[in-house]
Amino acid sequence: MIMSIIGISFAPGEKDLCMKALKLQGLDNQLITTIEELGELQGAIIRYMRGRDDGGSVSDLAEEIADVLTMINRLRYIFQIENIDEKIK
């Protein structure tokens, strides 16, 4: 995935993957998956803050952040949100 500091750009072929996921799984499932990924990131942050070694590493955080960014990118495509940078304050 190609990414800038603020906002996310689509890598070649990524829009096609978003469309396939939407067709196969439907909008509701995409939204549920996003919520699940956000929850997993929340758990990873809590484990990291508590200093637990059972998944609270920076590597775990990076993986969960990547999953959340993937889902955010899908939602941007589904809802045709182009200029997300303008919304960031």
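For the single chain, residues carry numbers from 1 onward in sequence order.
Residue Asp60 holds its CG atom at 10.0 Å from CD1 of Ile65, rounded to the nearest 0.5 Å. Atom CE of Met71 and atom SG of Cys18 lie 8.5 Å apart (nearest 0.5 Å). Taking NZ from Lys15 and CZ from Arg76, the interatomic distance works out to 9.0 Å, rounded to the nearest 0.5 Å.
Leu17 and Met19 end up in different hydrophobic clusters when Ile, Leu, Val, Met, Phe, Trp and Tyr side chains are linked at under 4.5 Å. Using a 4.5 Å cut-off between side-chain heavy atoms of Ile, Leu, Val, Met, Phe, Trp and Tyr, with links allowed through other members, Leu61 and Leu69 fall into the same hydrophobic cluster.
With sequence neighbours left out, Leu31 forms a side chain to side chain contact (heavy atoms under 4.5 Å, CB included) with Leu27, Leu75, Phe79.
Under a cut-off of 6.0 angstrom, the local environment of CD in Gln25 is crowded, with over 12 non-hydrogen atoms contributed by other residues, nucleotides or ligands.
Val68 places none of its side-chain heavy atoms less than 4.5 Å from the side chain of Glu64.
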List the atom pairs, with distances to 0.1 Å, where a side-chain N or O of residues 32-41 and a protein N or O form a donor-acceptor pair under 3.5 Å, not counting sequence neighbours.
{"residue": "Thr33", "atom": "OG1", "partner": "Asn29", "partner atom": "O", "Å": "2.8"}
{"residue": "Thr34", "atom": "OG1", "partner": "Gln30", "partner atom": "O", "Å": "2.8"}

